[in-house]
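What you are looking at is a predicted structure, and each value in this text was computed from that prediction instead of being measured. The chains referred to below are lettered A, B, ... by the order of the sequence lines, with proteins before strands, and numbering in each begins at 1.
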Amino acid sequence: MPELDKAYDPAAVEPSLYGDWEAAGLFHAEPDAPGVPFSIVIPPPNVTGSLHVGHALDNTIQDVLVRRERMRGRNAVWVPGTDHAGIATQNVVEKQLAAEGTDRHAIGREAFLERVWRWKAESGGTILTQLRTLGASADWEREAFTFDEARSRAVREVFVSLFEQGLIYRGNRLINWCVRCLTALSDIEVDHEDVVGALTHFVYPFADGEGGIEVATTRPETMLGDTAIAVHPEDERYAAAVGRHVRHPFQDRTIPVVADAFVDPSFGTGAVKITPAHDPNDHALGLRHGLDVVVMLDEHGITMPVVGERFAGLERTAAREAVVTALGELGLVTRVDRHEHAVGHCSRCRTVVEPRLSDQWFVRVRPLAERAAAAVREGRTVFVPESRTEPFLDWLDGLHDWCISRQIWWGHRIPAWYGPDGEIEVSRTDVVRDGWTQDEDVLDTWFSSALWPFSVFGWPDDTPELAAWFPTSVLVTGYDINTFWVSRMLMMSLWFRDDVPFRVVHNHGLVRDEHGKKMSKSFGNVIDPLDLIARYGADATRFALLRSAAPGTDVPLAEEWVEGAKRFMNKLWNTGRFALGWLESGPVAPLPPEGRLALEDRWVLSRLAAFAADAEAGYAAYDWPVVTRALYRFAWDELADWYLEAVKRRLAAGGESADDVRRVLAVVLDTFLRFAHPVLPFVSEALWRALTGAGGGRDSLMVADWPDVAATGRADAGAEQDLAIVQDLVREVHRFRSQNRIAPSARFEVAVVAEGRVRDVLIDEADLVAALAGLEGLALVDAVSGGSGTSTIAFTGGVAEVELTGLIDVAAELDRLGKERERVLADRARLEAKLADEGFASRAPAAVVAKERDRLAEVGRVLGELEARIGGLGGASG
RNA sequence: GGGCGCGUAGCUCAGUGGGAGAGCGCUGCCUUCACACGGCAGAGGUCAGAGGUUCGAUACCUCUCGCGCCCACCA
């Protein structure tokens, strides 16, 4: 029999089990292995990253899913990998260069890339090592990287193919530009944040004659690039102005007043200054009206010479101040209002994004998005929880073209070459011709991530992996990247594989602190999962995360909760220790015949059946709180608190009854551990090996069979009802003890008055009740004596009388009985009122009415006993 | 400006058209031969508020208040 430590020590158990599984090759899958294929691809974390609680949750869920399916006999694979994370990674290395007093332009593109690759080889991907400590059963032999050779091939194939189909194009458009990262950003890489700014009103004087037009703007500096004033066509205030010109106060030019329905007459002054080069709306309006485009900010957001000597060379905010001051000096500023509005920020570096006109590459997403939306509407991919579906479809419907070029170096370089005479060639292979140069830009990181569900399986080659494991079974991810990533995978998979990338998208929430606050370094509420694993173990960390991960909600987490989960691990451990103190370690024998079993045996098997159904339902619904609650309740409340306590005396007595207990206990534990394994791989494996004598390696719980839920345990309503009688009496005796300050070690006799089933059960189970309640003995009698040295305990279905030779505090007992009487009286009043209600009696279902009548009768009987008791002790009964 | 979710014990959350629950925290007792990372018991709630449906609402409907999130090119 293996000796188990007194307390569960995760550090002593977890790493060695993980090593054993991995050495036995249990994580690895082959596409031609038996079993229905099941596959998950990891949302590839950034190579720059370290494991945070969000990853821990996301990967715990994936591990739970893949472990369960593996046990269910499916050919399950979980493909791990990392993302090259273009801008994020480039920023890391650029910071290093800055610290060395140099920059990427100084060392050049080639040397810079070498440097990033070197960094990646040395310190990238530590997150995958960290995932192992969490217990992740990923197929490490299949590790992929979004920028490795195989994935690069897929990227180029897709790019060229989309280009050939006219779905990728190059255009001069107004895009989101980060003046710090010096690159274009897609719409969703821009975060809108409310900021308090100013709405500045100023006047453009008419070029001919008196007066002018007052405009309102949040960005006065852009007036240096204004090429029109726009008003609503039906705005009478300005009807006469349309067609006239205003004079630019700082530049030697005039500006037309145009009419456009885009203008909202009710906002500001109803007249809008138009800067086609620096505002998306203005740009669109400019195209409609054929306006001049004056680019006045450079890539750094600095004003260019075109604005005139006075304002050139200023950073955006400085230019704003200078312009407002200058307008003020001319007496043109009429008002400055406080104004709260949303401003776009770079999601990578928080810099305010600048709309910028430039040559970029775009994906024409409409045709792809339509297929994605159709697939979701047809249910070919479903969201769990379902509530994420609608917002996702809405978002797809409003999708603009996707800007995919980035002006950085770390990433898939765009496979376009420019000839000396302005020719463009997009090619699957490098174009090497005199005078030709490749596009300097690289692709948005999400372009390669979009191909991940099939690129990891070797696409564009026809591989056995693709045939077996694509489409993947489930994608597990936070809802926050449905737009970035889920949508793009759907589009690309449907376009290039004519199938969805995954059958299910399981969206979990974001991990927050115990009060629902976002974790942030500045707030000091960040929880480090590696720290949790080190101190409480991987199983406890997994359990705590899953316990909070209700479908559709964010996931609150506090360290104390992980500590609580650790205590549960310890409880399980000690349940195992207890069992192993009595069991032979070896193969689990079948259950004894039902007719021979004791009440508590039948009861625990019935509870086991209910537990299995609950756990299975939770697993099937991706409802992790349901799963964890089922595990916790069964193991602690039912198995440990009641069954183990109930069978101790039988085990000690030995014989056939003890043998029955051993067999029931072995089956219960074996079954429970199987259900627990996906969530708690380490504790369950350690205990299971100890219990069954399994040798590890290929003989591990990790690859044991998932139980047949329908055949698990034995549902037995009678046993449940009968044991409830025992439990009720035991609890009441405990309560009586506690309230009367009677030591748990004090033994006394109890005489019980009861009828019918309650009486029969208590006769049969007198020893069990006595053992659990710490009684000297229990006898069934016809009536209580009501003697002065006695007290009574009311329980559901009867009354117990206790002979207490002076151990009881009469005042305390009267107090207890008085409180109980009040409770019962209130109950009776409520029931009487209800039954007296004609509406209830006539309209409620007969069964409900009968139930309430029975309850009233029972309450009346209990009240009678109580009052007799109170009178017997000399207390007032009324 | 749209859309969604939530408001149940001090905290985090389950829950159901018919007797208010769990974990943690708190209080008391217990070093009982698996576990003090434990056992037993207890205190604590107008189920946000107001209407409505119903014999009966914490639950279903409407509104109000409060909180959170997502989306959005109104200067």
Look at all strands and tell whether [X] reaches a base, only sugar-phosphate, or nothing, counting heavy atoms closer than 4.0 Å.
{"X": "A:Tyr8", "result": "nothing"}
{"X": "A:Ala640", "result": "base"}
{"X": "A:Glu514", "result": "sugar-phosphate"}
{"X": "A:Pro556", "result": "sugar-phosphate"}
{"X": "A:His283", "result": "nothing"}
{"X": "A:Arg633", "result": "sugar-phosphate"}
{"X": "A:Trp573", "result": "nothing"}
{"X": "A:Asp264", "result": "base"}
{"X": "A:Asp641", "result": "sugar-phosphate"}
{"X": "A:Val263", "result": "base"}
{"X": "A:Pro625", "result": "nothing"}
{"X": "A:Thr218", "result": "sugar-phosphate"}

Please report, rounded to the nearest Å, how far the [atom2] atom of [N] is from the [atom1] atom of [X].
{"X": "A:Glu645", "N": "B:A34", "atom1": "CD", "atom2": "P", "value": "9 Å"}
{"X": "A:Arg547", "N": "B:A22", "atom1": "CZ", "atom2": "P", "value": "13 Å"}
{"X": "A:Phe578", "N": "B:C37", "atom1": "CZ", "atom2": "P", "value": "20 Å"}

Tell me whether the rings of A:Trp624 and A:Tyr622 are parallel (<30°), tilted (30 to 60°) or perpendicular (>60°). perpendicular

Which nucleotide in [options] has an atom nearest any side-chain atom of [X]:
{"X": "A:Val848", "options": "B:C24, B:A34, B:G18", "value": "B:G18"}
{"X": "A:Arg512", "options": "B:G19, B:U12, B:C69", "value": "B:C69"}
{"X": "A:Ala844", "options": "B:G18, B:C37, B:G42", "value": "B:G18"}
{"X": "A:Lys834", "options": "B:C69, B:C29, B:G19", "value": "B:G19"}
{"X": "A:Arg855", "options": "B:G19, B:C35, B:C24", "value": "B:G19"}
{"X": "A:Trp395", "options": "B:G42, B:C35, B:C71", "value": "B:C71"}
{"X": "A:Gln739", "options": "B:G18, B:G42, B:C40", "value": "B:G42"}

Establish, with yes or no, whether the OP1 or OP2 oxygen of B:A72 is under 4.0 angstrom from a side-chain nitrogen or oxygen of A:His192. no

Should A:Arg567 be listed as having a side-chain N or O under 4.0 Å from OP1 or OP2 of B:G38? yes

Would you kindly check whether a donor in the side chain of [X] faces an acceptor in the base of [N], or vice versa, at under 3.5 angstrom?
{"X": "A:Lys6", "N": "B:A36", "answer": "no"}
{"X": "A:Lys571", "N": "B:C35", "answer": "yes"}
{"X": "A:Glu732", "N": "B:A41", "answer": "no"}

Compute whether any side-chain donor of one residue and acceptor of the other, for [X] and [Y], lie under 3.5 angstrom apart.
{"X": "A:Lys273", "Y": "A:Thr222", "answer": "yes"}
{"X": "A:Asn570", "Y": "A:Arg567", "answer": "no"}
{"X": "A:Ser347", "Y": "A:Asp191", "answer": "no"}

Non-hydrogen side-chain atoms of A:Leu185 and A:Cys403 separated by less than 4.5 Å: no

Is the gap between the ring centers of A:Phe202 and A:Tyr204 under 6.0 Å? yes

Given the ring of [Y], does [X] sit roughly above its face, with NZ or CZ under 6.0 Å from the centre of the six-membered ring and within 45° of the axis?
{"X": "A:Arg173", "Y": "A:Phe362", "result": "yes"}
{"X": "A:Lys834", "Y": "A:Phe840", "result": "yes"}
{"X": "A:Arg388", "Y": "A:Tyr479", "result": "yes"}

What stems, by residue range, does RNA chain B take part in, given at least 3 consecutive Watson-Crick or G-U pairs under 3.5 Å? B:1-7 with B:65-71, B:10-13 with B:21-24, B:26-30 with B:38-42, B:48-52 with B:60-64

